[in-house]
Novice: 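After the structure tokens below, expect a handful of questions from me.
Basis for what follows: all heavy atoms, side chains included, without hydrogens, waters or symmetry-related copies. Not measured: the values here are computed from a predicted model.
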Amino acid sequence: RAQLRAHLTTFPNDDQAARLRLLDTLRKQLNMHRHFHDATWALPEAELAPFDPIIDALTPPDVLALHAWLFHDAYPMLPLPDASHTVTDAALLQLRTQAIIDIVQAKGTAGIQKLATSAQQPFLVGSTSAAANVDEEAMLAFLTSDQEPVQLCGMGYASERYRRDGMPWVDQTLTTHQDWNPTTRALLLLSIPSERPTWERAAQQGAEHEYWRRTRVFLGNNTTGEDIAYALTHLLAADQVAQAFEQASMAAPRAPTAILTQTLDRVLQALQAPQQSFGHLVSYYLVQLLAALDARHDIDEAQVARYEWAFLPLLRNQRPLRLHKYLATAPDLFAQMMASVYRPQNDDPPTEPTPEDVARAHQAYDLLSSWHTIPGTKPDGSIDQEALFAWVNTAQAACATLQDVCDSHIGRVLAHAPNGTDGIWPHESVRALIEHVNSRALEEGFRGGMFNKRGFFTKNPFDGGIQERALGVCRR
């Protein structure tokens, strides 16, 4: 460490940028060791103190460079041992406020503007300027700048003034700046919480387009259904589909059904555009929306099933599908899925599928493979034999050119039948159907479904057939 100090004291003076980087790094390290002084890795004060003269030597005389480090991070490390968050926040605010005062005294508000363009947190520069009571008109003028960091600085100032003085200050500011264009008015409103009073002022000020194009909303637990619908409608109109999707999922239990379906429709359209990004939580958001629709009485089951079909690749194993229940009551839908996956047996010569045909075939196969609901299943889990027979007869008739694969898929579904009233598997209705149809393809599909539904399993090497014998008890 002595050699390091000796080297640092001779650091070249001709590269000011390198000296500032060294100063920032050295300051962070010293502050960290002093803040976490009781950590096992922390150096004692006797080892740290000799570095303080080097910090002083590296510190530039320019007031902007001197204080810029306070605005590079939201929470820069301070050398305050055993300090609580409250104490640290107060100390940080005091340091930043004094820094702004020093800059204004030395360079005026032009110095604040220059600091905003160089600092990594220009919004903090603005909010601290409000705490330091910097000239209001000069700070609000930053909102008219064409430089984004300067705009953010002005927004930080407006945000802090709103926190102190509330909406009356915002209204007074808008009234006294009639010459502002809609973009500048929107920037002022973007500085304050995105709530109904703010939204109404955006409309009154003719700044709705710019405001909703850039705003971030949070529809919390206290947001009414009317406000949720208002916000989502305007986000969708501003083409903020991803944000509308996220907020709709969080507010879904309180949102009107109409706006939820409108959001789903827009998401479905947007997913077709490769440049649209929804992040890695898209399946979660989708499940939340559909779960809310499940509990509604103003949307029919078929419409929810259509949404599930449209978003099926994102719902794999994410939730019980209404589409499965609907499929068990609609043999014509089953026939459509079969026709999407398989070629007719008399398709000669075969037609070349389009990319859309291939995608639909994959989706239909996923649906058929994940479907385990026996047609005719009652709410209590029993099976209506008459309804089961009717469904199978209609499906077979609709799949006349796909008879074998039709029977095979039906057999796979029947393998998920419950035990019968006599305790024997499968249910009596399924036994009767298998005997009635007398189809080798159905029986092979049934056998394959029976083995496959067991899924992945493990066993002790010396268990022998204990597990299998237990499974066979209800099949004797």
Side-chain angles (χ1 to χ4, degrees), residues 308 312-313 315-321 323-331 333-343 345 361-378 380-385 387-389 391-393 395-396 398-399 402-476:
E308 290 178 339
L312 190 62
L315 291 174
R316 192 173 289 124
N317 301 322
Q318 295 292 322
R319 74 183 226 115
L321 297 181
L323 194 54
H324 289 156
K325 183 179 178 182
Y326 188 66
L327 196 60
T329 62
L333 177 60
F334 171 79
Q336 292 175 28
M337 298 298 103
M338 294 294 297
S340 297
V341 178
Y342 300 101
R343 299 179 188 274
Q345 295 170 350
H362 281 295
Q363 192 163 327
Y365 187 81
D366 282 348
L367 175 61
L368 291 172
S369 299
S370 62
W371 172 48
H372 303 142
T373 305
I374 309 295
T377 300
K378 299 178 182 179
D380 62 1
S382 62
I383 298 175
D384 183 333
Q385 181 171 319
L388 172 61
F389 272 60
W391 189 97
V392 171
N393 290 336
Q396 287 181 322
C399 297
L402 301 169
Q403 195 64 61
D404 287 345
V405 289
C406 169
D407 287 354
S408 177
H409 270 280
I410 292 174
R412 294 179 207 174
V413 175
L414 295 178
H416 293 269
N419 292 345
T421 56
D422 55 4
I424 303 299
W425 182 86
H427 192 276
E428 294 92 341
S429 299
V430 173
R431 299 177 217 165
L433 178 68
I434 294 173
E435 294 294 333
H436 173 75
V437 174
N438 192 26
S439 165
R440 182 178 181 84
L442 186 146
E443 292 174 7
E444 289 179 350
F446 181 80
R447 185 180 300 110
M450 179 184 66
F451 285 114
N452 290 338
K453 74 175 184 177
R454 187 178 182 189
F456 176 80
F457 67 96
T458 60
K459 62 165 60 181
N460 189 302
F462 303 104
D463 276 354
I466 293 177
Q467 294 184 30
E468 288 72 20
R469 283 191 288 273
L471 290 171
V473 168
C474 64
R475 290 170 171 78
R476 293 185 183 278

Novice: For the CD1 atom of Ile434 and the OG atom of Ser439, what is their distance to the nearest 0.5 Å?
Specialist: 10.5 Å
Novice: Which label fits Tyr365 and His409: parallel for a plane angle under 30°, tilted from 30 to 60°, or perpendicular past 60°?
Specialist: perpendicular
Novice: Please round to the nearest 0.5 Å and tell me the distance separating atom CG of Leu433 and atom CD1 of Ile383.
Specialist: 10.0 Å
Novice: Where the side chain of Lys453 meets the backbone of Ala415, is there a donor-acceptor pair that is under 3.5 Å apart?
Specialist: yes
Novice: Take the angle between the ring planes of Phe446 and Trp425 and call it parallel below 30°, perpendicular above 60°, tilted in between.
Specialist: parallel
Novice: Measuring from Gln396:CD to Cys406:SG, what's the distance to the nearest 0.5 Å?
Specialist: 5.5 Å
Novice: Less than 3.5 Å apart, any donor N or O on the side chain of Ser408 or Glu444 sitting next to an acceptor on the other?
Specialist: no
Novice: Which distance, rounded to the nearest 0.5 Å, do you find between the CE of Met337 and the CG of Leu327?
Specialist: 7.5 Å
Novice: Can you measure from CG (Leu367) to CZ (Arg316) and round to the nearest 0.5 angstrom?
Specialist: 11.0 Å
Novice: Can you tell me how far apart CG (Leu312) and CG (Leu321) are? Round to the nearest 0.5 Å.
Specialist: 6.5 Å
Novice: Are any of the side-chain nitrogens in Arg431 or Asp422 under 4.0 Å away from the carboxylate oxygens of its partner?
Specialist: yes
Novice: Keeping Asn393 on the side-chain end and Phe389 on the backbone end, is there a donor-acceptor pair under 3.5 Å?
Specialist: yes
Novice: I'd like to know whether OH of Tyr326 has more than 12 heavy-atom contacts from other residues, nucleotides or ligands below 6.0 angstrom.
Specialist: no
